[in-house]
Number of protein chains: 2
Amino acid sequence: MDYSIKQISEKTNLKAHVLRYYEKEGLLPFINRSASGIRRYSESDLEWLGLICCLKNTGMSIKQIKDFVELSMRGGETLKQRCDMLIEHQKNVESQIAEMQKHLQKVAHKIKYFTAQYEKYLADKS
Amino acid sequence: MDYSIKQISEKTNLKAHVLRYYEKEGLLPFINRSASGIRRYSESDLEWLGLICCLKNTGMSIKQIKDFVELSMRGGETLKQRCDMLIEHQKNVESQIAEMQKHLQKVAHKIKYFTAQYEKYLADKS
DNA sequence: GTAAACCTTAACGTTAACTTTAGGTCAATA
DNA sequence: TATTGACCTAAAGTTAACGTTAAGGTTTAC
């Protein structure tokens with residue numbers, strides 16, 4: 001009940017060399033190998049990858065994800081720290097979104113302005 | 001009634017070297033110079049910088065902003081194109097935000113999960 | 001047995017948006 | 001007039017997160 005790197009690549013949409021790269025960077029320090037050294041991903045590895053992608057997708061850097069993974073490897077005593085880290089991250093992303101929405105309002109305003117200009121231009125031409 | 005690069009730097013929160021960089025990249029093809037070659041920014045240059053920052057803040061690339069500026073330099077005949085470009089950009093940003101919010105929900109879910117784990121850990125310890 | 005998939009290390013290439021450096025010139029002031 | 005701080009240019013350096021290529025080797029599936 002385990003997966004090859006290719007299968008995982010398909011399931012996660014991460015190319016094989018990216019999976020190896022993530023492993024090298026310390027994001028996946030728990031992948032088992034077959035006797036001959038071939039990576040064998042378990043169901044729980046796949047779940048981990050889910051979390052990693054989730055953090056990546058919300059803009060967390062590889063380095064920070066690595067820190068998170070390292071905490072996880074230290075067991076239950078770091079659970080509080082990890083919760084805090086995720087909550088902090090959540091806050092950051094939320095405020096980024098809020099910022100973006102604020103800036104977006106300015107864009108909307110500019111669009112109004114340009115649209116008016118365009119209408120004036122059309123009127124002047126006729 | 002014009003400004004030095006330092007004054008503009010303070011007004012826009014863009015460092016002087018960034019202003020020069022933007023100019024080199026074609027984002028500001030209209031800045032006047034003194035006889036000795038020193039940049040003199042006008043009030044309207046400052047307004048342009050406002051629009052440029054607005055686009056930057058919403059994630060538009062330097063290259064795209066350059067394209068927008070180039071259209072602008074061609075005058076009224078490109079107004080429609082520019083409107084369309086801004087509207088397209090607005091849509092992109094909105095869908096980016098939506099995506100982000102979707103991913104954020106997953107993070108929230110993970111937080112719930114980790115918090116539960118943490119409470120269980122505390123209960124087991126006592 | 002052979003072809004496809006996997007492994008490693010290592011190094012070079014890429015992109016965006018700066019940032020820094022080096023070596024000057026210019027302007028305000030004491 | 002000397003000095004200091006602001007300005008100029010061109011070009012190289014930086015960072016993150018990969019992407020690419022190479023070179024050489026092992027393993028697995030049919």
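The basis for the numbers below is simple: all heavy atoms, side chains too, and nothing from hydrogens, waters or symmetry mates. As the structure is a prediction and not an experimental result, all values here were calculated from the model. Lettering of chains follows the sequences in order, A, B, ..., and the numbering in each one begins at 1.
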Chemist: Would you compute the distance between atom CG of A/Leu79 and atom CD of B/Gln117 and round it to the nearest 0.5 angstrom?
Modeler: 6.0 Å
Chemist: Tell me, which pairs form a salt bridge (Lys or Arg N to Asp or Glu O under 4.0 Å) where one or both residues lie in residues 20-36 of chain A, sequence neighbours left out?
Modeler: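 Counting only pairs at least two positions apart or across chains, the salt bridge (Lys or Arg N to Asp or Glu O under 4.0 Å) contacts touching residues 20-36 of chain A are A/Glu23-A/Arg33, A/Glu23-A/Arg39.
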Chemist: Roughly how far apart are A/Met85 CE and A/Ile65 CD1, rounded to 0.5 Å?
Modeler: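 If we round to the nearest 0.5 Å, A/Met85:CE and A/Ile65:CD1 are 8.5 Å apart.
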Chemist: Tell me, which of residues 28-50 of chain A have any heavy atom that sits under 4.0 Å from an atom in DNA chain D?
Modeler: A/Ser36, A/Ile38
Chemist: Could you name each residue pair satisfying salt bridge (Lys or Arg N to Asp or Glu O under 4.0 Å) that touches residues 44-59 of chain B, not counting sequence neighbours?
Modeler: none
Chemist: Between protein and nucleic acid, restricted to nucleotides 15-18 of chain C and to nitrogen or oxygen atoms under 3.5 Å apart, what atom pairs and distances do you find?
Modeler:
| from | atom 1 | to | atom 2 | distance (Å) |
| --- | --- | --- | --- | --- |
| C/dA17 | OP2 | B/Ile62 | N | 3.3 |
| C/dC18 | OP2 | B/Tyr22 | OH | 2.8 |
| C/dC18 | OP2 | B/Lys56 | NZ | 3.0 |

Chemist: For B/Tyr22, enumerate each residue passing the ring-ring contact (aromatic ring centres under 6.0 Å, His included) test, keeping only those at least two apart in sequence or located in another chain.
Modeler: none
Chemist: Only pairs at least two apart or in different chains count here, so list each salt bridge (Lys or Arg N to Asp or Glu O under 4.0 Å) that has a residue in residues 102-117 of chain A.
Modeler: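 Output for this query lists A/Glu99-A/Lys102.
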Chemist: Round to the nearest Å and state the distance from A/Glu23 atom CD to C/dC6 atom P.
Modeler: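 One finds 14 Å between P of C/dC6 and CD of A/Glu23, rounded.
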Chemist: Could you check how far OH of A/Tyr3 sits from P of C/dC6, rounded to whole Å?
Modeler: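 For the pair A/Tyr3 OH and C/dC6 P, the rounded distance is 15 Å.
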Chemist: Could you pull out every donor-acceptor pair under 3.5 Å between side chains of residues 4-13 of chain A and any protein atom, sequence neighbours left out?
Modeler:
| from | atom 1 | to | atom 2 | distance (Å) |
| --- | --- | --- | --- | --- |
| A/Ser4 | OG | A/Lys6 | N | 3.4 |
| A/Ser4 | OG | A/Gln7 | N | 3.2 |
| A/Gln7 | OE1 | A/Ser4 | N | 2.9 |
| A/Ser9 | OG | A/Leu14 | O | 2.9 |
| A/Thr12 | OG1 | A/Ile8 | O | 2.7 |
| A/Thr12 | OG1 | A/Leu14 | N | 3.2 |

Chemist: Output the residues of residues 66-73 of chain A in contact with DNA chain C, where contact means a heavy atom of the residue under 4.0 Å from an atom of the strand; sort by number or write none.
Modeler: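 Those residues whose heavy atoms fall under 4.0 Å from DNA chain C, taken from residues 66-73 of chain A, amount to none.
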Chemist: Quick one: list whatever passes salt bridge (Lys or Arg N to Asp or Glu O under 4.0 Å) with B/Lys120, sequence neighbours left out.
Modeler: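 Here no residue qualifies.
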Chemist: Roughly how far apart are B/Asp67 CG and B/Leu71 CG, rounded to 0.5 Å?
Modeler: 7.0 Å
Chemist: Where does the chain B footprint on DNA chain D start and end, counting 5' to 3' with a 4.0 Å heavy-atom cut-off?
Modeler: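 Result: D/dA6 to D/dT9.
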Chemist: Using the rule that Ile, Leu, Val, Met, Phe, Trp and Tyr join whenever any side-chain heavy atoms are under 4.5 Å apart, tell me whether A/Tyr3 and A/Ile38 fall into a single cluster.
Modeler: no
Chemist: Taking ring pair (Phe, Tyr, Trp, His ring centres under 6.0 Å) as the cut-off, I'd like each qualifying pair that reaches into residues 106-126 of chain B, sequence neighbours left out, listed once.
Modeler: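 Listed by first then second residue: A/Phe68-B/Phe114.
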Chemist: Given A/Arg82, which partner from the list A/Leu86, A/Asp84, A/Thr78 fulfils the side chain to side chain contact (heavy atoms under 4.5 Å, CB included) test?
Modeler: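 Of all the options given, the one that passes is A/Thr78.
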Chemist: Which residue pairs pass the ring pair (Phe, Tyr, Trp, His ring centres under 6.0 Å) test when at least one of the two sits in residues 27-64 of chain A, sequence neighbours left out?
Modeler: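 Checked against ring pair (Phe, Tyr, Trp, His ring centres under 6.0 Å) - neighbours excluded - the pairs reaching residues 27-64 of chain A are A/Phe30-A/Trp48.
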Chemist: Would you indicate what A/Lys6 reaches in the nucleic acid, counting non-hydrogen atoms under 4.0 angstrom: base, sugar-phosphate, or nothing?
Modeler: sugar-phosphate
